[in-house]
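Heads up, the thing below is written out as structure tokens.
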Amino acid sequence: MYPDNHRSSRDLYQRALKSLPGGNTRTTVFMKPFPIYAARGAGCRVWDLDGNEYIDCINNFTSLIHGHAHPVLIEAATKQLARGSAFGMPTESEVDLAELLAARLPSVEQARFANSGTEAVMMALKAARAYTGRRKIAKCEGAYHGSYDYAEVSLDPTPSAWGGNAPVSVAYAKGTPENVLADVVTIPFNDVEAAVSLIREHGPELAGVLVDPMPNRAGLVPADKAYLEALRQVTREVGALLIFDEVISFRVGYHGAQGVWGIEPDLTTLGKIIGGGFPVGAIAGRKQFMSVFDPSSGKPALPHGGTFSANPVTMRAGLAAMELLDKAAFKRLDAIGQAVRDGIDAAFRRTGVPGRTVGLGSLLKIHFTDRNIRDYRSAYLNEAEAKRQTVFNSGLLNRGIFMANYGLMALSLPMSDADVDQIVSAAAASLEEVAALD
Ligand code: PMP
């Protein structure tokens, strides 16, 4: 088992250490004692360099909703590759994908493409500033929105740094300028009173409020409807834009998270699934707000380029992926998500290990505590809980299930009922190991 039967990965990691810092080019995929290198994927399975097979429950951090190497997506991408992969000219493909997004997302009339979710969030925050002429941004404590300085403030504060009831803005990366911290208002997730009062306090300087309706790193608890409604109302009151980060949460429904909650943000950021497996990001919203990007009457309020933005390979694969993702597909994703959540919850009860799953649709997170998980702070693991998580994770890996080390699972459409059973049995057996700890 890992690490013993992963010699090729271990050797490649030794090689990587020379040419990549820490052998790594993506912090999120690093693992100790060395990462397991992927060789290929098909459907819901991946194989590593040593030929070990896994059911992939991370799907490139939620982006591969059709699993690996789906034949329709291969065809869409290769057909476009044969015609050219990128041009210094726009193509019809970007119009097609923008139309699809506008047809599906209730608050969207127009979209603009980028190459990552990070860029999408950066451009949405800049759009809010350009539109309002204000400089501050509010975001939720513990929520991940990519690597833009402002968006990553207070991503992982420790209890000694996070402050009292009103969270303080804490730098995520060393070197974050003080001015960035001063311009970010960190609000607690799912706490209407505290969030509204902070937004009112900074209201006249606030350009936008960025919120993920089901923030993965802050616990993956779905937001209370009342919380999102309160953000909708108070942003209108203070004249700031409400921005939904649906880079992940677009996965929860045909009309996105905004369709599930029935709330229309001013701007939406997208990524991951809309690229059909290729790099992508998008900023979308009503024409009124998207007009900051409009170059048709001279230099726009917010110029935005990107050599590979809206490249037709991404656009064509993304369009094919989204077309495959019809209402029946969401029904299936909801069903398998529920089956995995129910199966793991039953195993928690059987084994007596404290904990449960949270999530919606094809997304779930496993928490090793009986606390009521509401936000980043209640999801924060103590030492005993972290130990349980580590033992559980290696149990799953050794049973051929690959998921994020912080407990996230993102399921995919190629998963059969038998695959779902395999995931649940592996989780149950791993929980037995956790139970044996105490
Ligand atoms: N927003 C959210 C909610 C995300 O989960 C992520 C990435 N996991 C991003 C933004 C950034 O996207 P990318 O990794 O494509 O830059």
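Every number for a ligand or one of its atoms is a count from 1 in the order of the listing.
- Seen from the ring of Tyr150, Arg129 counts as a face-on cation partner, given the 6.0 Å and 45° thresholds.
- Taking every non-hydrogen atom of Asp245 and a distance limit under 4.0 Å, the qualifying atoms of ligand 1 come out as 1 (N), 2 (C), 3 (C), 10 (C).
- Using a 4.0 Å cutoff on heavy atoms, Arg217 does not count as a contact of ligand 1.
- Residue Gly117 has at least one N or O atom closer than 3.5 Å to an N or O atom of ligand 1.
- For an aromatic pair to be called close, the ring centres must be under 6.0 Å apart, and Tyr144 with Tyr376 fails this.
- Within ligand 1, the atoms closer than 4.0 Å to a non-hydrogen atom of Asp212 are 3 (C), numbered from 1 in the order shown.
- Side-chain atoms of Lys365 never come within 3.5 Å of backbone atoms of Gly359 as a donor-acceptor pair (strictly under, hydrogens ignored).
- Within the model, atoms OH of Tyr227 and CD of Glu193 stand 13.0 Å from one another, a figure rounded to the nearest 0.5 Å.
- Residue contacts with ligand 1 for Lys272 involve side-chain atoms from C-beta outward but no N, CA, C or O (heavy atoms, distance under 4.0 Å).
- Ile248 CD1, 3.2 Å is the protein heavy atom nearest to atom 5 (O) of ligand 1.
- Contacts with ligand 1 closer than 4.0 Å are made by heavy atoms of both the backbone and the side chain of Tyr144.
- Numbered from 1 in the order shown, with element, the atoms of ligand 1 that lie under 4.0 Å from a heavy atom of Val247 read 1 (N), 2 (C), 4 (C), 6 (C), 9 (C), 10 (C).
- Less than 4.0 angstrom separates atom 1 (N) of ligand 1 from at least one non-hydrogen atom of the protein.
- Considering backbone and side-chain N/O atoms, Thr118 comes within less than 3.5 Å of an N/O atom of ligand 1.
- Taking the six-membered ring where the residue is Trp, Phe289 and Tyr131 present perpendicular rings, their angle passing 60° and hence far from 30°.
- Close contacts of ligand 1 with His145, meaning ligand atoms under 4.0 Å from a residue heavy atom, involve 1 (N), 9 (C), 10 (C).
- A donor-acceptor pair under 3.5 Å is formed between the side chain of Trp261 and the backbone N or O of Ala223.
- Under the ring-ring contact (aromatic ring centres under 6.0 Å, His included) criterion, His367 pairs with no residue at all, not counting sequence neighbours.
- Judged as a ring-ring contact (aromatic ring centres under 6.0 Å, His included), and not counting sequence neighbours, Tyr37 has no contacts.
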